[in-house]
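First the structure, in the form of structure tokens, and then the observations on it.
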Amino acid sequence: MPELIVVPEPDEAGELVASKVVALVQNNPGSVLGVATGTTPLVVYRALRRHFEAGVDFSKVRAFALDEYVGLPAGHPESYASVIDREVRQGLGIPAAQVHVPDGDPAGLDNAGQRFEDAIAQAGGVDLQLLGIGATGHIGFNEPGSSLTSLTHVETLAEQTRIDNSRFFDTLADVPHLAVTQGVGTIMRARELVLLAFGQAKAQIVARALEGPISEDVPASALQMHPHLTVVLDEGAASQLKR
Ligand code: F6R
């Protein structure tokens, strides 16, 4: 059973999860963090920046992103490499060489997954992986139907995901169709997982992921099998849980 924490406000979740990350880093300065993009984890990154400003040293941390769009030009502000650089790396003083994002360059897709898996393995695996959940039930960009044991691979984004993420782009047509994502199997290898979700709109998928059958139809349902999962929700996102 995961540890489930329900907080009144996302900011509280940010503080709580940031404290967990800080404890990890203070215990082992070279910890390997798995970082997510999207809106949900921003409260955690904001709280971590406050810890950095208060003197916590993140300079030895290694960070691995969950995913990257395929085909955005290098330096595109919505590429996940740019987002992680802006939201995580710069604010915490992590050297750029210690931050890894899957390579979404179409020219290198054949082995992008393997290269990313090799980098994670070389770092000794992920200590703590932050996760959000998509409306489709995706974690990373593992959309419904994805294997629950897959490693980093190229995935076709569900149309719902493209629509949801079009808020970051000028038009829906600008949202890439493909991404390189850690597989569910990659995510499950992390020693500790923290899933965050906020708002009523996530309530139904959160309930299916945590209380429904474990199935490729809801890739996040695989999280039920992880031995060290913490779920942090606000009241809206928790509102359809039965247990
Ligand atoms: C982000 C990622 C996705 C998001 C999910 C939720 O790297 O892999 O699984 O966590 O799409 O996104 P938000 O937080 O924007 O609702």
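Order of listing sets the numbers, starting from 1, for every ligand and every atom in it. Residues take their numbers from the sequence shown, with the count starting at 1.
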Quiz item: Any sub-3.5 Å donor-acceptor pair from N142's side-chain atoms to Q182's backbone N or O?
Solution: yes
Quiz item: Side chain, backbone, both or neither: which part of E143 has a heavy atom under 4.0 Å from ligand 1?
Solution: neither
Quiz item: What do we get for T37 next to ligand 1 when only non-hydrogen atoms under 4.0 Å count, side chain, backbone, both or neither?
Solution: both
Quiz item: So, is G140 polar-close to ligand 1, with some N/O to N/O distance under 3.5 Å?
Solution: yes
Practice problem: Please could you name the atoms of ligand 1 that R167 approaches to less than 4.0 Å, counting only its heavy atoms? | Solution: 15 (O)
Quiz item: Which of the numbered atoms in ligand 1 are below 4.0 angstrom from a heavy atom of D67?
Solution: 1 (C), 2 (C), 7 (O), 8 (O)
Self-check item: Partners passing salt bridge (Lys or Arg N to Asp or Glu O under 4.0 Å) against E159 (at least two apart in sequence or in another chain)
Solution: R162
Tell me which protein heavy atom sits closest to [atom], plus the residue, atom name and distance to 0.1 Å.
| atom | result |
| --- | --- |
| atom 16 (O) of ligand 1 | K202 NZ, 2.7 Å |
| atom 10 (O) of ligand 1 | G132 CA, 3.3 Å |
| atom 11 (O) of ligand 1 | H138 NE2, 2.6 Å |
| atom 6 (C) of ligand 1 | I133 O, 3.4 Å |
| atom 14 (O) of ligand 1 | T40 OG1, 2.4 Å |

Quiz prompt | ILVMFWY cluster membership beyond L178 - transitive side-chain contacts under 4.5 angstrom | solution = V70, L109, V154, V180
Quiz prompt | Qualifying residue, where the test is side-chain hydrogen bond (donor to acceptor under 3.5 Å, both in side chains) with Q114 and the options are D110, D118, N111 | solution = D118
Quiz item: Would Q160 and T136 count as having a side-chain donor-acceptor pair, cut-off 3.5 Å?
Solution: no
Practice problem: Using the six-membered ring wherever Trp is involved, compare the ring planes of F116 and F64 and label them parallel, tilted or perpendicular (cut-offs 30° and 60°). | Solution: perpendicular
Quiz item: Taking the six-membered ring for Trp, are F169 and H76 parallel (under 30°), tilted (30 to 60°) or perpendicular (over 60°)?
Solution: tilted
